[in-house]
Amino acid sequence: MKNFIFQNPTKLVFGKRQISRLNELIPADVNLMVTYGGGSVTKNGIHEQVKTALKGRKYIEFWGIEANPHVETLRRAIDLGKSENINYLLAVGGGSVLDGTKLVAAGIASDEDAWDIVLRGFAEKQIPYASVMTVPATGSEMNSGAVITRAESKEKLPFGGAYPQFSILDPEVTYSLSEHQVACGLADAFTHVLEQYLTTSNQSRLMDRWAEGILLSVIEIAPQIKENPRNYDLMADYMLAATMALNDFIRMGVSQDWATHMIGHELTALHGTTHGHSLAIVMPGTMRVLKEQKHDKLLQYGERVFQITEGTEQERIDKAIEKTEEFYRSLGLTTRLSEENIGEETIEIIRKRFNERGIAYGEKRNVTGDVAREILRRCL
């Protein structure tokens with residue numbers, strides 16, 4: 001196991017009617033701005049719950065953070081925050097609203113342009129922020145990362161910084177989600193785990209078992225949620241699985257991959273593909289191209305997660321990859337670029353972008369632009 005330092009300061013406030021606790025969770029003396037997406041929270045009653053919880057407080061609202069938050073929009077929020085002397089933010093929405101709010105928190109605290117903060121990859125300072133999470137998927141409610149889109153250039157890049165002070169997770173808010181939103185959320189959570197688990201063998205028994213527990217739970221609840229999307233216990237497991245998949249708990253002392261995510265970000269930037277859906281397309285291709293590198297872990301994954309114990313080692317690995325793609329498809333998601341009318345032109349753009357940036361991803365830092373092209377071709 002590698003050396004590591006672990007600290008996650010986010011207070012998780014989980015369960016029914018916890019939005020009502022907002023007033024006690026947010027300090028009394030702050031200048032507050034509440035950030036939202038496109039307005040779905042007005043239809044499902046969450047906006048009204050937030051207003052009721054904050055009754056008697058002075059605060060302003062900023063609406064319109066996109067599903068893939070655009071830096072162009074976030075600059076307006078930053079300008080508003082600075083003009084109103086805002087020193088505390090509350091994001092109400094899905095992971096994209098929270099990701100965007102993380103950049104707003106950095107932009108208000110800095111004189112830098114927001115995109116320069118993203119390009120540097122790390123926010124040196126941020127004003128405090130918290131969240132009410134409405135779409136389980138990204139784990140942004142309990143981690144320090146965010147991913148931001150620059151619409152002008154069709155780029156989507158990550159940056160890191162501080163953690164949310166608290167995040168409220170009420171599984172009842174998921175009842176209004178569409179089947180596609182839930183499918184993408186489950187795919188996102190599942191792939192987050194694979195990016196941290198499906199790397200190098202014999203690093204940590206504990207991290208492996210913890211990761212496998214999340215994978216098995218997601219596989220178990222996914223078909224049940226499809227049948228009963230208003231079952232509280234199922235949605236509670238879904239919501240917590242999405243958080244646990246990316247809150248640093250399963251990455252302690254182990255190597256990580258993230259090539260699938262970085263390739264998926266490019267598909268989203270270029271074609272608007274929902275993030276979780278992009279991962280469902282790319283991950284099987286990553287596994288196919290890197291199956292020798294991930295040989296031992298794929299065997300373990302196949303046996304422990306899909307109970308694959310018969311056949312040669314290569315046959316078992318191929319079956320594990322096949323089962324992974326079948327899982328994504330069982331959610332109702334396509335898993336091939338051709339099904340989304342994405343072809344060689346996009347693949348070449350992504351190869352060029354990776355190589356121009358001089359970057360390489362994966363646990364061995366060997367997924368260059370050329371390897372990314374090979375992965376995407378295996379996704380056609």
Side-chain angles (χ1 to χ4, degrees), residues 9-11 19 22-42 46-47 49-51 53-135 138 140-152 156-168:
T10 303
K11 178 185 290 185
I19 295 174
L22 272 174
N23 209 35
E24 66 184 81
L25 290 166
I26 299 174
D29 58 349
V30 299
N31 293 327
L32 175 66
M33 180 163 75
V34 186
T35 57
Y36 298 98
S40 62
V41 293
T42 62
I46 294 169
H47 182 236
Q49 289 185 56
V50 171
K51 286 201 306 181
L54 296 177
K55 189 174 182 180
R57 272 185 182 265
K58 286 186 177 181
Y59 62 94
I60 62 173
E61 296 180 333
F62 181 86
W63 292 81
I65 297 177
E66 300 86 355
N68 294 293
H70 292 181
V71 70
E72 294 86 350
T73 300
L74 302 175
R75 287 187 181 117
R76 298 200 303 272
I78 291 167
D79 289 343
L80 176 62
K82 286 183 174 180
S83 68
E84 296 292 331
N85 296 313
I86 296 301
N87 58 13
Y88 202 102
L89 298 172
L90 176 68
V92 179
S96 290
V97 174
L98 179 50
D99 277 11
T101 301
K102 291 178 178 182
L103 186 58
V104 175
I108 291 175
S110 172
D111 292 328
E112 289 182 275
D113 178 68
W115 191 244
D116 288 337
I117 296 171
V118 175
L119 288 176
R120 187 174 62 245
F122 187 81
E124 293 179 344
K125 52 186 176 179
Q126 290 164 283
I127 66 170
Y129 67 93
S131 80
V132 174
M133 185 54 51
T134 63
V135 184
T138 67
S140 191
E141 65 274 9
M142 203 176 179
N143 67 44
S144 60
V147 185
I148 307 297
T149 296
R150 185 171 181 245
E152 180 184 4
K156 184 175 180 181
L157 297 172
F159 83 100
Y163 290 73
Q165 290 206 331
F166 69 84
S167 288
I168 293 176

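The chain is numbered in sequence order, starting from 1.
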Minimum-distance pair of heavy atoms, taken over all atoms of S96 and P69 = O-CG, 3.4 Å
Heavy-atom neighbours of K82 NZ exceed 12 at 6.0 Å | yes
Atom CG of N31 and atom CG of L89: how far apart are they, to the nearest 0.5 Å?
-> 11.0 Å
Side-chain contact, heavy-atom cut-off 4.5 Å: R57 with I26?
-> yes
ring-ring contact (aromatic ring centres under 6.0 Å, His included) pairs touching residues 97-132, sequence neighbours excluded, are none
Using the side chain to side chain contact (heavy atoms under 4.5 Å, CB included) rule, take R150 and V118 through it: C-alpha gap first, then chi angles, then the decisive distance, then the call.
-> CA-CA 10 Å; R150 185 171 181 245; V118 175; over 6 Å; no
Side-chain donor or acceptor of N68 paired with backbone N/O of T149 under 3.5 Å = no
With sequence neighbours left out, write down each residue that passes salt bridge (charged side-chain N to carboxylate O under 4.0 Å, His left out) with E84, or none if nothing qualifies.
-> none
Report the distance from atom CD1 of I168 to atom CG of L22, rounding to the nearest 0.5 Å.
-> 4.0 Å
Mind listing the closest non-hydrogen atom pair of G81 and I108 along with its distance?
-> CA-CD1, 3.8 Å
Taking the side chain from K102 and the backbone from S140, do they hold a donor-acceptor pair closer than 3.5 Å?
-> yes
Counting N and O atoms only, with roles assigned by atom type, does the side chain of N87 sit under 3.5 Å from a partner on the main chain of V30, one being a donor and the other an acceptor?
-> no
State which residues pass salt bridge (charged side-chain N to carboxylate O under 4.0 Å, His left out) with R76; sequence neighbours excluded, sorted by chain then number.
-> none
Listed partners of D113 passing salt bridge (charged side-chain N to carboxylate O under 4.0 Å, His left out), at least two apart = R75
One should read off an interatomic distance between N143 CG and E141 CD, to the nearest 0.5 angstrom, of 7.5 Å
Without swapping roles, check the side chain of Q126 against the backbone of A162 for a donor-acceptor pair under 3.5 Å.
-> yes
Criterion side chain to side chain contact (heavy atoms under 4.5 Å, CB included) on V147 and T138, from CA distance to verdict | CA-CA 10 Å; V147 185; T138 67; over 6 Å; no
Please step through side chain to side chain contact (heavy atoms under 4.5 Å, CB included) for the pair V97 and V92, ending with a clear verdict.
-> CA-CA 7 Å; V97 174; V92 179; 5.9 Å; no
Any chance you could measure I19, atom CD1, to L54, atom CG, to the nearest 0.5 Å?
-> 10.5 Å
Going by atom types only, do T73 and E66 share a side-chain donor-acceptor pair under 3.5 Å?
-> yes
Under the ring-ring contact (aromatic ring centres under 6.0 Å, His included) test, which residues partner H47, sequence neighbours left out?
-> Y36, W63
Kindly determine whether I117 and I148 satisfy side chain to side chain contact (heavy atoms under 4.5 Å, CB included), including the steps that lead there.
-> CA-CA 10 Å; I117 296 171; I148 307 297; over 6 Å; no
Taking the side chain from T35 and the backbone from F62, do they hold a donor-acceptor pair closer than 3.5 Å?
-> no
Drop me the distance from S167's OG to M133's CE, to the nearest 0.5 angstrom.
-> 6.0 Å
Residues in salt bridge (charged side-chain N to carboxylate O under 4.0 Å, His left out) with K51, at least two apart?
-> E48
Starting at CG of L32, measure out to NZ of K58 and round the result to the nearest 0.5 Å.
-> 13.5 Å
Closest approach of I127 to A109 (non-hydrogen atoms, all atoms of both residues) | N-CB, 3.9 Å
